[in-house]
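Take a look at the structure below.
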Protein chains: 2
Amino acid sequence: MSKPEVTTTRLDDAARAGWLYYVAGNTQDEIAAKLGISRQSAQRMVSLAVSEGLVKVRLDHPIARCLDLAEQLKQRFGLKMAEVVPTDPGSTSTTLGVADAAAAEMTRWLKSETPIVLGIGTGRTLKAAIELLSPIECPQHKVVSLTGNIAPDGSAAFYNVIFNIADKIKARSFPMPLPVIASSPEERELLHSQAMIRPVLELSAQATVAFVGIGDLSEDAPLFIDGFISREELLALRQAGGVCEIVGRAFDRNGVPLKGLTNDRVASAQIPSRDTAMVIAIAKGPKKLPGIAAALKGSLINGLITDEATAETLLAG
Amino acid sequence: MSKPEVTTTRLDDAARAGWLYYVAGNTQDEIAAKLGISRQSAQRMVSLAVSEGLVKVRLDHPIARCLDLAEQLKQRFGLKMAEVVPTDPGSTSTTLGVADAAAAEMTRWLKSETPIVLGIGTGRTLKAAIELLSPIECPQHKVVSLTGNIAPDGSAAFYNVIFNIADKIKARSFPMPLPVIASSPEERELLHSQAMIRPVLELSAQATVAFVGIGDLSEDAPLFIDGFISREELLALRQAGGVCEIVGRAFDRNGVPLKGLTNDRVASAQIPSRDTAMVIAIAKGPKKLPGIAAALKGSLINGLITDEATAETLLAG
DNA sequence: CCGTTGTGTGAGTATTTGCCCATACCACAA
DNA sequence: TTGTGGTATGGGCAAATACTCACACAACGG
């Protein structure tokens, strides 16, 4: 037999072995018997068929596309974790799907036996996620708020969810009894140096994992809607190039924190270090796209939970 | 209420596990870790994905021998289309392999943008093929049954698959609410002239492509097993030289329809014209050999999906 | 003629997978 | 409340599979 012919018959045999294995459902032993070769050779034929790309596996489920996108996101943006949920084309909700996924991801972390420190940001998405969280007893863990929980009018900030989650999971909670944005840089320093606050800030820096929302800075930016900043402050942030806000701090399109403006007075903790903690953002939708892109570009996060449409646009851009 | 919802999320998870297993190449242990479940549950998820038909394996290598046989079949019997799949020597299944190939061939037709009329026969092989069909949305097409769908006892004929396929591909379906074999020639005429039936018969004559099974007339002929004809009628058909049956109509070894007997009462549509339609038979195995040979000889079909062993015998004879 | 190199094979072994079964869980009815 | 039937879970084990290694053999070059 001449050389090239040998190669084609080898692939032929490989295809036959692969067929018997994957389509006919034989074991490699049976294939070996039927083809009159040793089982090791049969195994080699099958794996040759796989490595030569003869065998194509396809998943007939919308989820497959999501997992694929998640993988691409991880690759492209160097994320440690990514999850993409299907987009419901008919819904305009900004929490549908991602909240469920976030709750599931939280549960996975909380199931850990070894104590973790769970950092929690703020926002509508996060609130929705925590509402979906099934109660589990996790007295070994600690949850720490990354933002202040006092609204400008003195009431508890509605979308600060530290108490909700602490209650759900029966863990010790560390809220930050502070305004989200102080009235001056000096006041912030004063507040941060309080004995009550310092341990919380230190704990937040030790977070094992943190879940944060990403706020946009459009006309109806949550920071503005909820009264934490004035319209003028919002406009100033936008003019300074701000595209998004994470735990109250504004960033430009490259994920670099803006200098000055309200950022000088944001009383939130820093986003935990991406070297020591998983920082998972939960965000989807066209309005948040620039913000998510910025967070990815600036490596502000190393985990992302989003939806199909958003993931596609992120990868296309 | 909760039942379908639970089922879909379960399938979602199964798809996820299947993806991680087959596409990402994780072991079941890794999947278990990533999904926060036990390995056993992961294993169940994966096998659920397989059993639900979410996972499709395709071999992208035309095995030379099979291609060669297919070509010879086309030449020798003047077929427009032939496909030969490998034979699993140890298996006695009459559908293994050919059903997959038939599903793939159907998919090729269904992908067409221009509307087609798809005629569908009946039988075990066809049923297996349609179960393997991946759901695709084809509202532009029409599927028409070539046989009645009422069993002698009044129930829906089990191997009438028009509803299964219509459901899978979301196309308009045209079943034939008739018995497969009428009690008399007169009854058949009466039934066929009904306003409900005539359009279906007309549509079936316009089929672009039709997939049919070939039934044998041995002791366990499907027509007899399923109770459409009596043992006496079966024997009579055999004595009159009948070797096979397509859409209920019996043919002799030259593919000529038998005169009289049950053929006078078969309420099925005619096999669509081989001049205007592709008529593809799906059949393999020694028991069906005479039938396939007859169908080829009588040019009842112009397409064939069979297996290696059957193709070889056909060509040798 | 001999050694080298690449390829294919079989044997043995570690890992992975499939399956059974005891148990836990949940919903529902008595 | 308790019992009951159906369902999901995880442990354990045997089968199946993947991997590593050593050897055989042919081609090639010195």
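Per chain, numbering begins at 1; letters A, B, ... match sequence-line order. What you see is a predicted model; the values in this text were computed from it and never measured.
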Phosphate-side-chain proximity, B:S41 and D:dA8, N/O vs OP1/OP2 below 4.0 Å:
no
Only one of A:R44, A:Q40, A:Q43 clears side-chain contact (heavy atoms from CB on, under 4.5 Å) with A:Q28; which?
A:Q43
Heavy-atom donor-acceptor pair, B:R39 side-chain to D:dG11 base, under 3.5 Å
no
Other residues, nucleotides, ligands: >12 heavy atoms within 6.0 Å of A:R76 CZ
yes
Of all heavy-atom pairs linking A:Q140 and A:L110, the shortest is NE2-O, 4.2 Å
Which whole-number value in Å describes the distance from A:I37 CD1 to C:dA11 P?
13 Å
On the nucleotide C:dT9, are OP1 or OP2 found under 4.0 Å from the side-chain N or O atoms that A:S38 carries?
no
Identify which one of A:T114, A:L118, A:T276, A:I116 satisfies the side-chain contact (heavy atoms from CB on, under 4.5 Å) criterion when paired with A:T208.
A:I116
A side-chain contact here means heavy atoms from C-beta on lying under 4.5 Å apart; do B:R65 and B:E312 qualify?
yes
Separation of D:dG11 C1' from B:D29 CG (nearest whole Å):
13 Å
Please list, for nucleotides 18-25 of chain D, all pairs of protein and nucleotide N/O atoms separated by less than 3.5 Å.
from: D:dA18; atom 1: OP2; to: A:Q28; atom 2: NE2; distance (Å): 2.7
from: D:dA18; atom 1: OP2; to: A:Q43; atom 2: NE2; distance (Å): 3.2

Table please: side-chain donor-acceptor pairs of residues 125-139 of chain B below 3.5 Å, with sequence neighbours left out.
from: B:T125; atom 1: OG1; to: B:K288; atom 2: NZ; distance (Å): 3.4
from: B:S134; atom 1: OG; to: A:R58; atom 2: NH2; distance (Å): 3.1
from: B:S134; atom 1: OG; to: A:D60; atom 2: OD2; distance (Å): 2.8

